[in-house]
Amino acid sequence: MINLTKAILHILDGNSGTAVYSAAQMDLSQDAVYGYVCRHLEKAAGDVALHSGEFIGVENEFRVKLKQYAGELLAFEPFSVWIAQQAWEVLSGSNKIDASDLLIAEYYEGETQYLAILKLTGRQGYLHTIQPDGEGQPVCGIESRYDLLPGAGQKVEEAAFLQPQTGAIRFVEKPRTVNEEDCPLFS
């Protein structure tokens, strides 16, 4: 069982060419938000396709910021915005442009702290609408939307789980290219 402590959602909409970076965390006291995030974290963390990795070689900017975050020198919100900006740079120039949201969460399993980064690919769906007619009577209709979040039971195709204290990484990602070079989202 996980103990979710922080979560923030950033919009990376490649279809419209727009990125919106949230200035504040989501309200985890709302059961719907807490449940949605936890279910995605648990399902994605249990994915057998996750690869293990580690930071090797030279200090890169992500590793430096992760250490600052682990040492409480960098707050969750600005760190998550920086992560989302880096992801947007890759996603907006890639061959796989889509409407996505980047969910970044901090949680604990026992005493172990994790930072999760989940790319939630938007999907097409339909909503019912209610509009008044000329006499103020309700007229029901259907609207197509392309920015719906995946359902809580759906698989997240790209995710990374980091242990800020140790730097251990587990991730799953899709191949993508930027400027004709391999440029996966996490590795």
Side-chain angles (χ1 to χ4, degrees), residues 1-12 19 21-31 33-91 94 100-121 149-150 152-176 178 182-187:
M1 173 126 181
I2 68 171
N3 177 19
L4 178 61
T5 55
K6 299 175 184 174
I8 195 165
L9 188 70
H10 302 289
I11 300 168
L12 308 177
Y21 307 109
S22 182
Q25 296 177 38
M26 293 188 290
D27 182 359
L28 298 178
S29 68
Q30 295 180 19
D31 290 342
V33 173
Y34 191 89
Y36 182 86
V37 174
C38 284
R39 290 206 314 242
H40 270 298
L41 290 173
E42 289 169 345
K43 187 170 179 89
D47 188 346
V48 296
L50 287 170
H51 303 287
S52 294
E54 61 183 288
F55 291 104
I56 55 173
V58 191
E59 289 287 308
N60 65 35
E61 194 172 3
F62 189 90
R63 188 176 187 180
V64 169
K65 289 190 181 298
L66 183 63
K67 284 182 179 180
Q68 291 172 341
Y69 178 72
E72 299 181 3
L73 301 172
L74 180 58
F76 179 75
E77 294 85 350
F79 185 36
S80 77
V81 168
W82 181 82
I83 292 169
Q85 289 169 334
Q86 301 307 303
W88 177 245
E89 196 172 303
V90 171
L91 295 172
S94 87
S100 302
D101 294 294
L102 203 65
L103 173 63
I104 302 174
E106 176 190 272
Y107 69 97
Y108 290 81
E109 283 188 6
E111 298 296 315
T112 306
Q113 179 190 32
Y114 291 91
L115 182 71
I117 307 167
L118 307 181
K119 180 183 171 283
L120 304 174
T121 304
L149 290 170
Q154 288 182 297
K155 182 179 179 178
V156 173
E157 296 176 342
E158 294 184 89
F161 296 89
L162 300 103
Q163 292 181 22
Q165 300 301 325
T166 65
I169 306 166
R170 293 180 354 163
F171 64 96
V172 63
E173 60 193 350
K174 292 173 129 180
R176 81 177 21 88
V178 175
D182 288 339
C183 191
L185 185 58
F186 298 116
S187 59

Please work out whether the ring planes of His40 and Tyr36 are parallel, tilted or perpendicular, with thresholds of 30° and 60°. perpendicular
Rounded to the nearest 0.5 Å, how far does CD of Gln154 lie from OG1 of Thr121? 10.0 Å
Drop me the distance from Asp101's CG to Leu149's CG, to the nearest 0.5 angstrom. 5.0 Å
d(Tyr107 OH, Leu4 CG) to nearest 0.5 Å is 10.0 Å
Taking the side chain as C-beta and beyond, is there a heavy-atom pair between Tyr69 and Gln113 under 4.5 Å? yes
Under 4.5 Å between any side-chain heavy atoms of Val81 and His10, yes or no? yes
Compare all side-chain heavy atoms of Leu12 with those of Tyr21 and state whether any distance is below 4.5 angstrom. yes
Give a yes or no on this: more than 12 heavy atoms of other residues, nucleotides or ligands lie within 6.0 Å of atom CG of Asp31. no
I would like to know whether Leu162 and Phe62 meet side-chain contact (heavy atoms from CB on, under 4.5 Å); could you show each step before the answer? CA-CA 11 Å; Leu162 300 103; Phe62 189 90; 3.6 Å; yes
Taking every heavy atom of Ala44 against every heavy atom of Ala159, the minimum-distance pair comes out as CB-CB, 4.4 Å
Among Leu118, Leu9, Ile83, find the one that has a side-chain contact (heavy atoms from CB on, under 4.5 Å) with Ile104. Ile83
Any sub-3.5 Å donor-acceptor pair from His51's side-chain atoms to Phe171's backbone N or O? no
Quick one: which residue pairs count as a salt bridge (charged side-chain N to carboxylate O under 4.0 Å, His left out) with a foot in residues 66-83, not counting sequence neighbours? Glu59-Lys67
On a heavy-atom basis, which atom in Leu50 and which in Arg170 lie closest, and how many Å separate them? CD1-NH2, 2.9 Å
Nearest heavy-atom neighbours spanning Gly167 and Leu66: CA-CD2, 4.5 Å
If you compare all heavy atoms of Lys155 against all heavy atoms of Asp47, which two are closest, and at what distance to 0.1 Å? CE-OD2, 3.1 Å
Separation of Leu115 CG from Phe161 CZ (nearest 0.5 Å): 10.0 Å
Taking atom CD of Gln85 as the centre, does the number of heavy atoms from other residues, nucleotides or ligands within less than 6.0 Å exceed 12? yes
Nearest 0.5 angstrom please: Tyr114 OH to Glu109 CD, how far? 5.0 Å
Please name the pair of heavy atoms, one in Cys38 and one in Ile2, separated by the smallest distance, quoted to 0.1 Å. SG-CD1, 3.8 Å
Going by heavy atoms in the side chains, are Leu103 and Val37 under 4.5 Å from each other? yes
Heavy-atom closest pair (Glu106 atom, Thr5 atom, distance to 0.1 Å) is OE2-OG1, 2.6 Å
As an exercise, state the distance from CD of Glu54 to CZ of Arg63, rounded to the nearest 0.5 Å. 8.5 Å
